[in-house]
K.L.:
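Below is a structure I'd like to ask you about.
Scope of the values below: all heavy atoms of this structure, side chains included, with no hydrogens, waters or symmetry mates. Predicted model only: the values in this text are computed from it and were never measured.
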Amino acid sequence: RIRFTPDLLPADLLGTLVYNQKESNFFIKKGPIFSNIILADEINRSPAKVQSALLEAMQERQVTIGEKTFELEAPFLVLATQNPIEQEGTYPLPEAKLDRFIFKLVIPFPSGENLKKIGMLNVNGPASSKAVKTVLSRQRILEMRRAIVDIPVTDRIYDFVVQLIQDTHPGTGKAPENVTRYVRYGASPRGLNAII
């Protein structure tokens with residue numbers, strides 16, 4: 001979990017070259033981006049350079065520090081949160097950057113019943129104090145990803161997904177009325193790949 005703040009620097013995320021005085025040379029200290037699952041907490045609080053560093057890692061699956069390029073270990077997944085209430089001092093992600101994420105989930109304010117459950121959980125101790133159980137190993141996830149390649153995708157499925165992507169674009173003539181009314185930008189080829 002990386003808390004994105006206005007003073008966060010790209011080096012804080014990616015890592016940096018550190019000078020070793022004893023040996024009179026530089027060595028690379030990798031940053032927290034070198035993890036399998038990243039939670040970018042309040043991503044819109046960090047400047048554009050930090051957001052771009054993260055999104056480049058998401059797109060390229062690699063990070064360059066100094067003159068060395070490092071591939072990020074698979075699986076690599078980024079989740080991000082934004083607080084939509086407070087916009088002062090934030091750096092909203094433009095559409096081209098938002099496109100790197102497969103989906104957006106808007107979480108409404110909890111109901112009274114759920115608020116009560118939240119209160120009860122806090123009184124009974126934080127959920128983090130409970131033992132974490134492994135559900136899937138990294139190796140099993142990689143095996144499952146390799147198995148996906150062997151699943152045949154027919155032209156009919158490609159045609160359906162292409163039509164779905166086109167239907168998200170306002171003004172194409174094929175977009176439903178609500179899309180033309182409420183959607184500014186439709187899904188990209190990344191969206192097509194994510195659905196497939």
K.L.:
With hydrophobic residues grouped by side-chain heavy-atom distances under 4.5 Å, do Ile33 and Leu39 end up in a single group?
P.N.:
no

K.L.:
Between atom CD1 of Ile141 and atom CG of Leu136, what is the distance when rounded to the nearest 0.5 Å?
P.N.:
5.0 Å

K.L.:
Would you call Leu55 and Phe101 a side-chain contact if the rule is heavy atoms closer than 4.5 Å?
P.N.:
yes

K.L.:
Going by heavy atoms in the side chains, are Phe70 and Leu72 under 4.5 Å from each other?
P.N.:
no

K.L.:
Quick one about Gln163 and Asp159 (side-chain donor to acceptor, distance below 3.5 Å, no hydrogens or angles considered), yes or no?
P.N.:
no

K.L.:
With rounding to the nearest 0.5 Å, note down the distance linking CD1 in Ile2 to CG in Leu54.
P.N.:
7.0 Å

K.L.:
Report the residues that fulfil salt bridge (charged side-chain N to carboxylate O under 4.0 Å, His left out) with Arg140, sequence neighbours left out, ordered by chain and then residue number.
P.N.:
Glu143

K.L.:
What residues, two or more places apart in sequence or in another chain, satisfy salt bridge (charged side-chain N to carboxylate O under 4.0 Å, His left out) together with Arg1?
P.N.:
Asp41

K.L.:
Which atoms form the tightest heavy-atom contact between Ala11 and Thr16, and what is the distance?
P.N.:
CB-CB, 4.1 Å

K.L.:
Any side-chain donor paired with an acceptor under 3.5 Å for Gln59 and Arg190?
P.N.:
yes

K.L.:
Do Leu192 and Val179 share a hydrophobic cluster, counting only Ile, Leu, Val, Met, Phe, Trp and Tyr and linking them when any side-chain heavy atoms are less than 4.5 Å apart?
P.N.:
no

K.L.:
Can Leu77 and Ile38 be said to form a side-chain contact (heavy atoms from CB on, under 4.5 Å), step by step?
P.N.:
CA-CA 6 Å; Leu77 173 71; Ile38 304 287; over 6 Å; no

K.L.:
Roughly how far apart are Ile195 CD1 and Phe160 CZ, rounded to 0.5 Å?
P.N.:
8.5 Å

K.L.:
Once rounded to the nearest 0.5 Å, what's the spacing between atom CZ of Phe4 and atom CG of Leu13?
P.N.:
5.0 Å

K.L.:
If you measure from CZ on Arg3 to CG on Leu8, what distance do you get to the nearest 0.5 Å?
P.N.:
11.5 Å

